[in-house]
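By convention in this document, chain letters (A, B, ...) are assigned in the order of the sequence lines, proteins followed by strands, and residues within each chain are numbered from 1.
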2 protein chains.
Amino acid sequence: MPPPPSSTAPVAVLGCGLIGESWSALFLAHGLDVVAWDPDGAVLAALPQRVERLLGQLQALGTGTAGHGRLSVVQSVAAAVGDAGWIQENAPEKTAVKHSLYAEVEAAARPDAVIASSTSSLTWSDLAAGVVRRERLVTAHPFNPPHLMPLVELFAADAQTLARAEAFYRGLGRDTVALKKDAVGHIANRLASALWREAVNIVAEGIADVADVDAALVHGPGLRWSVIGAHMAYHLGGGPGGIAHYLDHLGPSQERRWATLGSPSLTPAVRQLLVDGIADEAAGRSIAALEADRDRGLMLALAARQTAKQGEDA
Amino acid sequence: MPPPPSSTAPVAVLGCGLIGESWSALFLAHGLDVVAWDPDGAVLAALPQRVERLLGQLQALGTGTAGHGRLSVVQSVAAAVGDAGWIQENAPEKTAVKHSLYAEVEAAARPDAVIASSTSSLTWSDLAAGVVRRERLVTAHPFNPPHLMPLVELFAADAQTLARAEAFYRGLGRDTVALKKDAVGHIANRLASALWREAVNIVAEGIADVADVDAALVHGPGLRWSVIGAHMAYHLGGGPGGIAHYLDHLGPSQERRWATLGSPSLTPAVRQLLVDGIADEAAGRSIAALEADRDRGLMLALAARQTAKQGEDA
């Protein structure tokens, strides 16, 4: 069990939708106090009960410390950030909305507080344009839901802020990666978009149905990539000569295959193929039932990882 | 535990490299007799010992039946296929080599024997050009290593042969998918190539290092795709409105992101970035050590799946 983050100052959670509630549960499970704000009073009022359910999942996984932190909900940004050492911002993905929020944050926050944005589709540069003390801004993009998925993708212009962010999220049991320059979609969503483009193409070209594309991914490359990355997979695919051998002997055939991949458009006809295909794959299961299946599968996969990690540490 | 394949005729394994030895272990673990042939006598002589190691992995997973089948090695194609009900061909990925092998097979095989090719990079149509009785040819592409990875991708022009292949591989605990038309790279390797192209691009553009790209995949989308497919992930990403809502609201932003993905070439400079990056990621671990880590992680992930499946069946 890693030590909890060293700061005893509370964490401010700004925006309490799916991402904010999940972050809140993770922070609380690691003994941090959370002060949460959302512009929607109903969302804020429902937060403690929603967080309770997620804390149950974390408890089942054995994540976090023995004692939970305390959750408070407050009616203003200033009240949320006033004492905070860490500020996790999960506002809508609109630059103007975030810039306006940052102005309120900077007026009330401690000078040493870090502003961490969960943004998935905006870049650090987009956001920094609305921040005065840019050296304390970091993009910290979690993979949804952040209380279960280990990945946090970081970018900060300031090396010290980046180091603080790495220490903070690793202290919460997250696996962080650092971008060397900011990019739309960070790393993971760029990879996911590239794969999905071909997944759509396979359906659009009539090579296979939606359910079979998903099954091929889950039982093939998805399973492999939950254990080793794509680059490392080709290193091992190269035999004793590794990636160098692979590139020399199979690089040209990979380039030829790249040339055969599709560039589909989401036309009405393709849209209909995807909607019909998902209906076949779901086979009557509601979204709630599918989500419950996903969470159960994720929790089992995470438990398997913990076992693997304990084996490496032993 | 699914019932073992109904046929009591032996399985012929033609080509006993990494794929052939892995198939052999899977067949044997399910009580099937295997008659194996390889043009290289040394490969053939070493096969029983190599298969023994893989059978140990399957036993640890609880895969297969109580009694193992019997493994024989023979010196000719005719001797391998003479009694076989199923013929699993794992010859080198060269059309001429496979065509020449098929001529030998057809001269000696039972008329009702199925010829299943493990080909990863050739298509059914490529192979069928060298087969007289094409109705019994099926491409049955496993994901490496086939004794651990559940996926088998199938294509056959004949519906009855396809149905026999589905029953055969499912009886071995495999998860099969069927292509509606044959395509280079089937489904899984098309998806893997599409993802890797962007993984290379991220390194080539200096956005992130090889190790961070791999870590982002393993701790983010890879973990998710080991549980649910890419299409289904966007269905759940659409909230209560599902994939239709997702496509209507976020389809345009996916298309814009697709436009930002890269089309790298494996130039000498990019090759060097990948080779150096893998060296950093491997951090001194040999290929054998990395493979052992991968297999251990895979086996834990597979055990977690079995638990999940038992939960669904209960």
Side-chain angles (χ1 to χ4, degrees), chain A residues 143 150-151 175 177 179-180 183-185 187-188 190-199 206-208 210 212-223 225-232 235-236 243-244 247 251 257-258 260-261 266 271 274-275 278 291 294 297-298 300-301 304 307-308, chain B residues 143 150-151 175 177 179-180 183-185 187-188 190-199 206-208 210 212-223 225-232 235-236 243-244 247 251 257-258 260-261 266 271 274-275 278 291 294 297-298 300-301 304 307-308:
Chain A
F143 220 63
L151 178 63
D175 290 290
V177 298
L179 277 73
K180 296 193 289 183
V184 174
I187 302 170
R190 295 184 73 89
L191 298 177
S193 278
L195 181 132
W196 193 51
R197 178 167 61 176
E198 184 57 24
I207 295 170
V210 164
D212 281 329
V213 173
D214 275 357
L217 179 57
V218 167
H219 300 303
L223 175 59
W225 291 329
S226 76
V227 176
I228 57 167
H231 292 303
M232 184 56 79
H235 183 50
L236 300 185
I243 187 94
L247 289 168
R257 188 171 298 161
W258 289 348
T260 74
L261 300 176
L266 295 170
R271 180 189 179 283
L274 295 173
V275 169
I278 282 288
E291 282 175 342
R294 176 200 60 190
L298 268 182
L300 285 165
T307 308
Chain B
F143 220 63
L151 178 63
D175 290 291
V177 298
L179 277 73
K180 297 193 289 183
V184 173
I187 302 169
R190 296 184 73 88
L191 299 178
S193 278
L195 182 131
W196 193 51
R197 179 168 58 175
E198 184 57 23
I207 296 169
V210 164
D212 281 329
V213 173
D214 276 357
L217 179 56
V218 167
H219 300 303
L223 175 59
W225 292 328
S226 76
V227 175
I228 58 166
H231 291 304
M232 185 56 79
H235 182 49
L236 299 186
I243 186 94
L247 290 168
R257 187 171 298 160
W258 289 348
T260 73
L261 300 175
L266 295 169
R271 179 189 180 283
L274 295 172
V275 169
I278 282 288
E291 282 174 342
R294 175 200 61 190
L298 268 182
L300 285 165
T307 307

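Note on I278(A), V275(A), T260(A): by heavy-atom pairs under 4.5 Å with chain B, the leading option is I278(A). Of the listed residues (R257(A), E198(A), H219(A), M232(A)), the greatest number of heavy-atom pairs within a distance under 4.5 Å of chain B belongs to H219(A). Most heavy-atom pairs under 4.5 Å with chain B: of the set L151(A), L179(A), V184(A), this distinction falls to L151(A). Chain B forms more heavy-atom pairs under 4.5 Å with one residue of I207(A), L261(A), V227(A) than with any other, namely I207(A). When the candidates L300(B), V213(B), L266(B) are compared by the number of heavy-atom contacts under 4.5 Å with chain A, L266(B) comes out ahead. In terms of non-hydrogen atom pairs under 4.5 Å with chain A, the most contact-rich of A301(B), G222(B), A304(B), A215(B) is G222(B). Interface check for chain B: of the options A216(A), G297(A), A208(A), the most heavy-atom pairs under 4.5 Å are formed by A216(A). Counting heavy-atom pairs closer than 4.5 Å to chain A, the top-ranked of the candidates R190(B), H235(B), E291(B) is R190(B). When G206(A), G251(A), G185(A) are compared by the number of non-hydrogen pairs under 4.5 Å with chain B, G206(A) comes out ahead.
For the atom pair CG of L191(B) and CG of L217(A), the computed distance is 6.0 Å after rounding to the nearest 0.5 Å. A distance of 9.5 Å separates CD1 in I243(A) from CG in L236(A), rounded to the nearest 0.5 Å. Here CH2 of W196(B) is found 6.0 Å from CG of L274(B). Values are rounded to the nearest 0.5 Å.
A distance-only check finds no donor-acceptor pair linking the side chain of W258(A) to the backbone of A194(B) [under 3.5 Å]. Remark: side-chain polar atoms of D214(A) are paired, donor with acceptor, to backbone N or O of A230(B) under 3.5 angstrom. Using a distance-only test at 3.5 Å, with no hydrogens or angles considered, no donor-acceptor pair links the side chain of D212(A) to the main chain of V177(B).
Scanning all heavy atoms of the two residues, the minimum distance from L223(A) to P150(B) falls at CD2-CD, 3.5 Å. Across every non-hydrogen atom of A199(A) and H231(B), the tightest pair is O-NE2, 3.3 Å.
If you measure heavy-atom distances from A188(A) to chain B, the contacts under 4.5 Å come from both the backbone and the side chain. Contact annotation for A183(B): only side-chain heavy atoms (C-beta onward) come within less than 4.5 Å of a heavy atom of chain A. In this structure, chain B has a heavy atom under 4.5 Å from the side chain of L247(A), while its backbone stays farther away.
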